[in-house]
Number of protein chains: 2
Amino acid sequence: MDSFLSKKADLPCAALAPLVPDANGTAGGEPWFDLIELMFFAYRDFVGDADQLLENFGLGRAHHRVLHFVNRRPGLTIAELLDILKITKQSLNRVLKELLDTDYVVSHPGANDRRQRQLFPTARGKALALDVARLQSKRFSRVFAQLPEGARSDAVDFLLAIVDAGERDKVAAMVASDRTAAHAGTKR
Amino acid sequence: MDSFLSKKADLPCAALAPLVPDANGTAGGEPWFDLIELMFFAYRDFVGDADQLLENFGLGRAHHRVLHFVNRRPGLTIAELLDILKITKQSLNRVLKELLDTDYVVSHPGANDRRQRQLFPTARGKALALDVARLQSKRFSRVFAQLPEGARSDAVDFLLAIVDAGERDKVAAMVASDRTAAHAGTKR
DNA sequence: TGAAATATGTCAATATTGCTGACATAAGGG
DNA sequence: CCCTTATGTCAGCAATATTGACATATTTCA
C-alpha cells in the first residue's frame with residue numbers, strides 16, 4: 001500500500017503525471033473509467049436476474065428489495081427498513097402494501113413497542129426470496145469458478161470498502177449475521 | 001481453483017452439506033446473501049456520488065449515463081449507445097435531446113453512413129463528465145488505499161466476471177480501450 | 001395525568017426513467 | 001426504384017421515486 005501511494009510522490013514533472021487519481025480525486029490523474037463502467041455493467045446484469053424472475057409474479061425490483069430484507073431479517077421494523085433502503089416511507093408503503101395484500105409478507109405490532117410494525121415473510125415470501133437469491137448466487141458461482149482462490153473474500157472486502165464510511169459498520173454487521181436460518185420467522 | 005470446488009466433493013453426508021451454492025445454484029447450499037446485499041449497498045453509495053453532483057445541473061442518472069459514454073467514446077452512434085445502455089430509442093431520445101439542447105453533447109451525420117448520428121461531448125460536456133468521473137474515482141481511491149496490493153486488478157476481474165457471458169468480450173474491450181485521451185472529440 | 005415525541009399510515013401532486021405501438025423521414029444498397 | 005436500415009417523434013402507460021400535509025396510535029416524560 002505504501003508503494004501504491006508513493007508512485008506519485010516520486011514523479012519528477014507534471015508531464016509524467018500519475019495514471020491514477022489523486023487521493024482527493026480532483027487533480028491531474030485519469031479517472032478510473034474501467035471500474036466506473038464495470039460497476040454499471042456488472043450491476044445491470046446482476047439485477048437482471050432478479051428482474052426477469054420476478055416479472056413472472058407481477059413484482060418489481062422495489063418489491064424484491066423489501067422482500068429480500070424482510071426475509072433476511074425477520075421481525076424488521078418499518079424504520080429499520082427505511083434506513084436500509086434509503087427511500088421515503090411513502091415509497092416503501094406502496095410496495096409493502098402490495099406485498100402484504102398478496103401474502104408475501106405479514107406485519108405484527110412490535111413486541112416491545114406496539115407502535116412499531118414488525119415484518120415477517122410468509123412461507124410463500126420465503127420461498128420466492130430464496131428462489132431469487134439462489135438465482136443470483138448461481139451467477140456468483142460461475143464468477144468464482146473462473147477466479148483464483150481468495151476471490152470471494154476479496155470481493156466482499158472490495159464491495160464493503162465502497163460503502164459510505166458512516167454506513168460501513170452497520171452494513172458489515174448485517175451482512176455478517178445470518179439471521180435467516182437462525183430464527184425461522186415464518187408466520188401466518 | 002481446484003480446491004475451491006473439491007471442498008464439496010469430499011463431503012461424506014448430506015448433513016454436512018456445502019456452505020456454498022451448488023454450481024447450478026438451485027440445490028441445498030445457502031445462497032450468498034453477503035455478496036447479494038453488498039452489491040446493493042455498494043452500488044447504492046457509488047451512484048449516490050454522481051446523483052448528488054448532477055442534481056445541481058438539473059440532470060438525472062439517465063443523462064449522466066449517456067454523457068459518460070459519449071465522453072468515453074466520442075463519435076458513438078445512436079445504435080451503439082442503445083446497445084450499451086440496453087434501453088429503447090424512445091427512452092434514450094428524451095434524455096439525449098435534453099443533452100443536445102443544453103449543449104452538453106452535439107451530433108453530426110455519420111462520416112461513412114450519413115443516416116447515422118455520431119455523438120460528441122462539447123467542452124462543457126467533457127468537463128461535467130470528468131467532474132463526475134473524478135468524484136467516483138475518489139471513492140475508489142479511498143477503497144484501494146485500505147485494501148492490499150492487487151485489489152484493484154482483482155476488482156476489475158471480479159466485476160467483469162459478473163457480466164453476462166455474451167456481453168463480456170464487448171464490455172472488456174470497451175473498458176480496456178482508453179479512447180478519451182486519444183481522440184479528443186470535443187466539437188462545436 | 002396530560003402534553004410532547006415517536007412510529008406509522010395515507011392522500012395528493014409531481015418528477016424521472018423506463019416501456020409499447022405506430023408512423024415519418026432520410027439515406028444506403030441491390 | 002424498391003427494400004432495408006438508422007433515426008426521430010408522438011401518444012399513452014407503468015414503476016419508482018419525491019415533497020408536503022395531515023391522521024392515528026402509542027410511548028415517554030414532566
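FYI, side chains are in, hydrogens and waters are out, and symmetry mates aren't considered; it's all heavy atoms of this structure. Letters A, B, ... mirror the listed sequences (proteins, then strands); counts begin at 1. Here the structure is a predicted model, which means the values were calculated and not measured.
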> Scan residues 44-58 of chain A against DNA chain D and write down, sorted by residue number, each residue with any heavy atom closer than 4.0 Å; if none is found, say none.
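The stretch gives none, as no residue of it lies under 4.0 Å from the strand.
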> Using a cut-off of strictly less than 4.0 Å, decide whether B/R115 has a side-chain nitrogen or oxygen near OP1 or OP2 of C/dG28.
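Result: no.
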> DNA chain D: A/R65 or B/Q116, which has the more 5' nearest nucleotide?
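It is B/Q116, whose closest nucleotide lies nearer the 5' terminus.
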> Starting at atom CG of A/L82, determine the distance to atom C1' of D/dT19, rounded to an integer number of angstrom.
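The answer, rounded to whole Å, is 15 Å.
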> Measure the angle between the two terminal helix axes of the helix from C/dT1-D/dA30 to C/dG30-D/dC1, five base pairs each, and quote it to 10°.
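The end-segment axes of the helix from C/dT1-D/dA30 to C/dG30-D/dC1 are tilted 20° relative to each other.
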> May I have the distance from A/D101 (atom CG) to C/dG9 (atom C1'), rounded to whole angstrom?
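Checked: the CG to C1' distance equals 14 Å.
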> State whether A/H63 places a side-chain N or O below 4.0 Å from either non-bridging phosphate oxygen (OP1 or OP2) of D/dA15.
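Looking at the OP1 and OP2 atoms of D/dA15, neither is under 4.0 Å from any side-chain N or O of A/H63.
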> With the threshold set at 4.0 Å, does a side-chain nitrogen-carboxylate oxygen contact exist between A/D83 and A/K170?
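Looking at A/K170 together with A/D83, the answer is yes, because their closest N to O distance falls below 4.0 Å.
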> When you measure only distances, ignoring hydrogens and angles, does the side chain of A/R94 come within 3.5 Å of the base of D/dA17 through a donor and an acceptor?
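Counting by modelled atom types and ignoring angles, a donor-acceptor contact under 3.5 Å is found here.
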> Testing A/H63, A/H64, A/R61 for side chain to side chain contact (heavy atoms under 4.5 Å, CB included) with A/L54, which one passes?
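Considering A/H63, A/H64, A/R61, a side chain to side chain contact (heavy atoms under 4.5 Å, CB included) with A/L54 is found only for A/H64.
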> May I ask you to decide whether B/D34 forms a salt bridge with A/R152, counting only side-chain N to carboxylate O separations under 4.0 Å?
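Answer for the salt bridge query: yes.
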> Do A/F40 and B/Y43 make the cut of ring centroids closer than 6.0 angstrom?
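They do not qualify: ring centres at least 6.0 Å apart.
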> Could you give the CG-to-P distance, from A/D113 to D/dT27, as a whole number of Å?
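After rounding, the reported distance stands at 6 Å.
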> Between D/dG20 and A/Q90, counting only base atoms on the nucleotide and side-chain atoms on the residue, is there a donor-acceptor pair under 3.5 Å?
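Pair found.
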> Figure out the NZ/P separation between A/K97 and C/dT8, and round it to whole Å.
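About 16 Å, once rounded to whole Å.
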> Hey, do the aromatic rings of B/F41 and A/F69 have their centres closer than 6.0 Å?
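Yes, the ring centres sit under 6.0 Å apart.
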> Looking only at side-chain N and O atoms, does A/R114 come under 4.0 Å of OP1 or OP2 in D/dT26?
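Answer is yes, contact under 4.0 Å.
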> Counting only N and O atoms by type, is there a donor-acceptor contact under 3.5 Å from the side chain of B/R168 to the main-chain atoms of B/V163?
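At least one qualifying donor-acceptor pair exists.
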> In whole Å, I'd like the distance from the CG atom of A/D83 to the P atom of C/dT8.
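In whole Å, C/dT8 P and A/D83 CG are 12 Å from each other.
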> Scan B/R44, B/R142, B/R139 and name whichever one has a salt bridge (charged side-chain N to carboxylate O under 4.0 Å, His left out) with A/D164.
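Going through B/R44, B/R142, B/R139 one by one, the salt bridge (charged side-chain N to carboxylate O under 4.0 Å, His left out) with A/D164 is satisfied by B/R139 alone.
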> Using atom CG of B/N93 as one end and atom P of D/dC10 as the other, report the distance to the nearest whole Å.
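Rounded to whole Å, this separation is 10 Å.
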> Distance check: side-chain N/O of A/K89 vs OP1/OP2 of C/dT10, anything under 4.0 Å?
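So the side-chain polar atoms of A/K89 never come under 4.0 Å of the phosphate oxygens OP1 or OP2 of C/dT10.
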> Mind checking A/R61 for me? I need base, sugar-phosphate or nothing, with any heavy atom below 4.0 Å counting as a touch.
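Sugar-phosphate contact only - A/R61 comes under 4.0 Å of backbone atoms but never of a base.
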> CZ of A/R72 to CD1 of A/I84: how many Å apart, nearest 0.5 Å?
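If we round to the nearest 0.5 Å, A/R72:CZ and A/I84:CD1 are 10.0 Å apart.
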> Between B/S91 and C/dC19, is there a side-chain N or O to OP1/OP2 distance below 4.0 Å?
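Yes, B/S91 has a side-chain N/O under 4.0 Å of OP1/OP2 on C/dC19.
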> Treating A/N56 as the side-chain partner and A/L53 as the backbone partner, does any N or O pair qualify as donor plus acceptor under 3.5 Å?
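Checking the backbone N and O of A/L53 against the side chain of A/N56, a donor-acceptor pair under 3.5 Å is found.
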> Rounded to the nearest angstrom, tell me the gap between atom CD1 in B/I87 and atom P in D/dG8.
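Answer to the nearest Å: 13 Å.
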> Using 0.5 Å steps for rounding, measure from the CZ atom of A/F57 to the CG atom of A/L128.
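Answer rounded to 0.5 Å: 5.0 Å.
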> Please state how far atom CG in A/N112 lies from atom P in C/dA7, giving the value in whole angstrom units.
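The distance from CG of A/N112 to P of C/dA7 comes to 13 Å, rounded to the nearest Å.
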